[in-house]
Amino acid sequence: MAAALAIDDAFKAAETGDYEAAKQICAGILEQDAENAEALHLLGVLAYQVGLQAREALSLIDRAIAADPDNNRFFNTRGALYYALDMNAEAEAAFRRAVEIEPGDANAWNNLGNALLKLDRVTPAETCFREALKRAPDLTSAINNLGIALKREGRLDKALACFGEATVREPDYLDAHYNLAEVYHQLDDQPAAEQHFRRAIQIDATCAPAHCGLAQSLGEQGRNEEAMAVLNAAAERLPENEEVQFALRVAMSGSIAAWHIPMINDDERNAAYERALTRAITPDSLVFEIGTGSGLVAMMAARAGARHVVTCEAVPILAEVAKETIARNGFADRITVVSKRSTQVKLGEDLPEKADVFVSELINIGMLAPNMLPIIQHARANLVKPEAKIIPEAAVVWGVLMQCDHLAGVNPVRRVAGFDMGGFDIFRSPGYAQIDLGADPHRVLSGRFKVLDFDFRKAMKTEDLHPLAVLAAHDGTCHGVCFWFDLILDAETTYRSESRSRTNHWKQAIHFFPEPVEVKPGDRLDIAAGYDNTRIFFNLLGHQPKS
């Protein structure tokens, strides 16, 4: 009884923020009973809250579980600590045990859903969030998380409803406002996106993604000066934030899309797409394409015998010129150009029915273009048949360590002809640069290594990061990672951007490290390779010379 009263006092102290008093009470209980489960559990929670490493806190929670193996709160806490350590499979197991012990625990179901999302198991995560809401219909975080799962599945209208309900229930819920803004932005309702990005910033002025999203939304409304002002103000407020700095650099370096002409003259690309289309298309095929551009791929699909082709283009002038080109080539009756983003295309209106063949070409020199994965997923979920042919269906990204003196000299811009030209660097395109391995002087310093795999036939995470250990094979100055991609259009056709052909418009890409690294054979570079909703990137973590 005394221990029970004492633990109640400890809980009260913790609730008031007096963690030290709560810890002392727990320590006193443990002096009398070294395996008191409640005291061990609370001490583990307190230890983590006041800065103890999650692994150390876990040892206390594990002792609590050993003393009381049927307490679902203890497993829920164990799962939360594993989740904080990014040990998501272990977190899933702990949360599953929590809901087995107490199926009515809505928070445990909600937590299990979050762990499954981290494991890229979106549909089971959705089920968990719905289970949480069966137990606690007012659990706002579960409503928001359900929206995240639906968004990941491309079900934007339903996600919108979830995020909207979450903001009604909790008007100051930052994540829900930001998520709501992102979906409105994908649906091209920019005024609504602007409203919720602004509300997110009002709730938390340090929310960098909201500043970046607001600027993008303003830019897409043609309010470029306002967008730039938002980014400049955010950069002043958050000078160390890489996302804000990157968005500012993108805005500063923006220019017209000059790549359309070399793209349509890329013979290897054109031949690969035509081969894949010819194999996929039958006389009964309805083809849906994202990114009309010149109209070239749409005409290839029509020439391959498609019943009809619907192709969408978000840039009005491109859509108009494509219509003219298509008519000039005699395909006006078999190709419909829709001047909209793909997320605005209405089934039964713009697209008569779900498509039999889905083709896209959203790739840029670094393979991953902004919003590419969500755009493809939305189309798959809403506009094409489950058994539809997807072109391209996958991609593999490869890399090598590289020395490239002439490009490194202007990435970033520093001294030129003896002058300090660093101020001009603001106009350089951030992130990776294009390199032509068939023409640009370079020295390969390692064997090729696989960087990333993408499968466009299924829902994918919109961001990822994983470590790579790369061994140098030659002496040299490593300026960064050169990378390229294999675009797998179908089982028989792969376009390789490593090609040295002069008509290869993509060429290859190189991501420069902040500072060059001198390497010798056998040296190991530890690199974090990843992608987000904007680009592929490489972070140099360390250099281990060969011993």
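These values consider heavy atoms only, across backbone and side chains, with no hydrogens, waters or symmetry-generated copies.
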Checklist entry - Between the side chains of Asn224 and Glu226, is a donor N or O closer than 3.5 angstrom to an acceptor N or O? => result no
Checklist entry - Quick check, are the ring centers of Phe197 and Tyr178 under 6.0 angstrom apart? => result yes
Checklist entry - Run the side-chain hydrogen bond (donor to acceptor under 3.5 Å, both in side chains) check on Arg380 and Gln377 step by step: do they pass? => result CA-CA 5 Å; Arg380 286 182 56 256; Gln377 174 57 20; 2.4 Å; yes
Next on the checklist: Classify the ring geometry of His196 against Tyr184: parallel below 30°, tilted from 30° to 60°, perpendicular beyond 60°.
Outcome noted: parallel
Checklist entry - For the atom pair CG (Asn371) and NE2 (His378), what is the distance rounded to the nearest 0.5 Å? => result 12.5 Å
Item to check | Rounded distance [0.5 Å steps], CG in Leu58 versus CG in Leu81 | outcome: 4.5 Å
Checklist entry - Under the side chain to side chain contact (heavy atoms under 4.5 Å, CB included) criterion, do Met421 and Val410 qualify, and how do the steps go? => result CA-CA 10 Å; Met421 299 298 293; Val410 290; over 6 Å; no
Next on the checklist: Does Asp532 form a side chain to side chain contact (heavy atoms under 4.5 Å, CB included) with Phe537? I'd like the steps, not just the answer.
Outcome noted: CA-CA 8 Å; Asp532 57 20; Phe537 56 88; 4.2 Å; yes
Checklist entry - Taking everything shown except Gln221 itself, do over 12 heavy atoms lie less than 6.0 Å from its CD? => result yes
Checklist entry - Stepwise, does the side chain to side chain contact (heavy atoms under 4.5 Å, CB included) test hold for Ser446 with Leu471? => result CA-CA 6 Å; Ser446 74; Leu471 296 180; over 6 Å; no
Checklist entry - Residues two or more places apart in sequence or in another chain: which of them pass side-chain hydrogen bond (donor to acceptor under 3.5 Å, both in side chains) with Glu243? => result none
Checklist outcome for this item: To the nearest 0.5 Å, atom NE2 of His406 lies from atom CD1 of Ile435 at 6.0 Å
Item to check | Side-chain ion pair, Asp105 and Arg73, N-O less than 4.0 Å | outcome: no
Checklist entry - Do you know which of Asp175, Asn110, Thr140 makes side chain to side chain donor-acceptor pair (under 3.5 Å) with Asn145? => result Asn110
Checklist entry - Run the ring pair (Phe, Tyr, Trp, His ring centres under 6.0 Å) check on Phe483 and Tyr432 step by step: do they pass? => result CA-CA 10 Å; Phe483 63 106; Tyr432 47 73; 5.5 Å; yes
Next on the checklist: Tell me the closest heavy-atom pair linking Leu133 and Ala142, and the distance in Å.
Outcome noted: CD2-CB, 3.8 Å
Next on the checklist: For Asn88 and Tyr82: C-alpha separation, side-chain torsions, deciding distance, then whether side chain to side chain contact (heavy atoms under 4.5 Å, CB included) applies.
Outcome noted: CA-CA 7 Å; Asn88 299 304; Tyr82 278 132; over 6 Å; no
Item to check | Trace of the salt bridge (charged side-chain N to carboxylate O under 4.0 Å, His left out) decision for Glu126 with Lys158 | outcome: CA-CA 12 Å; Glu126 178 193 342; Lys158 294 186 180 299; over 6 Å; no
Item to check | Interatomic spacing from CD in Glu170 to OG in Ser141 - rounded to 0.5 Å | outcome: 8.0 Å
Checklist entry - Out of curiosity, Asn107 CG to Leu112 CG, how far, rounded to the nearest 0.5 Å? => result 12.5 Å
Checklist entry - Is there a salt bridge (charged side-chain N to carboxylate O under 4.0 Å, His left out) between Asp523 and Lys520 once you walk through the steps? => result CA-CA 6 Å; Asp523 285 6; Lys520 296 183 181 299; over 6 Å; no
Checklist entry - Near Arg237 CZ, under 6.0 Å, is it more than 12 heavy atoms from other residues, nucleotides or ligands? => result no
Checklist entry - Is Lys461 atom NZ crowded by more than 12 heavy atoms from other residues, nucleotides or ligands, each under 6.0 Å away? => result yes
Checklist entry - About how many Å separate CG of Leu401 and NE2 of His479, when rounded to the nearest 0.5 Å? => result 12.5 Å
Next on the checklist: Restricting to non-hydrogen atoms, name the atom on Leu362 and the atom on Ala369 that form the minimum distance, rounded to 0.1 Å.
Outcome noted: O-CB, 2.8 Å
Checklist entry - Charged N to carboxylate O below 4.0 Å: is that the case for Lys151 and Glu182? => result yes
Checklist outcome for this item: In short, Asp204 meets Thr206 closest at the heavy-atom pair OD1-OG1, 2.6 Å
Under 3.5 Å, side-chain donor or acceptor atoms of residues 447-454 against the rest of the protein: list the pairs with distances, not counting sequence neighbours.
unit_1 : atom_1 : unit_2 : atom_2 : d
Arg448 : NH2    : Glu498 : OE1    : 2.8
Arg448 : NH2    : Glu498 : OE2    : 3.0

Checklist entry - With distance as the sole test, does Thr477 use its side chain to make a donor-acceptor pair with the main-chain N or O of Glu518 at under 3.5 Å? => result no
Item to check | Glu131/Arg96 under salt bridge (charged side-chain N to carboxylate O under 4.0 Å, His left out): CA gap, chis, key distance, verdict | outcome: CA-CA 13 Å; Glu131 290 292 335; Arg96 282 200 184 280; over 6 Å; no
Item to check | SB check Arg414 Asp425 (cutoff 4.0 Å) | outcome: no
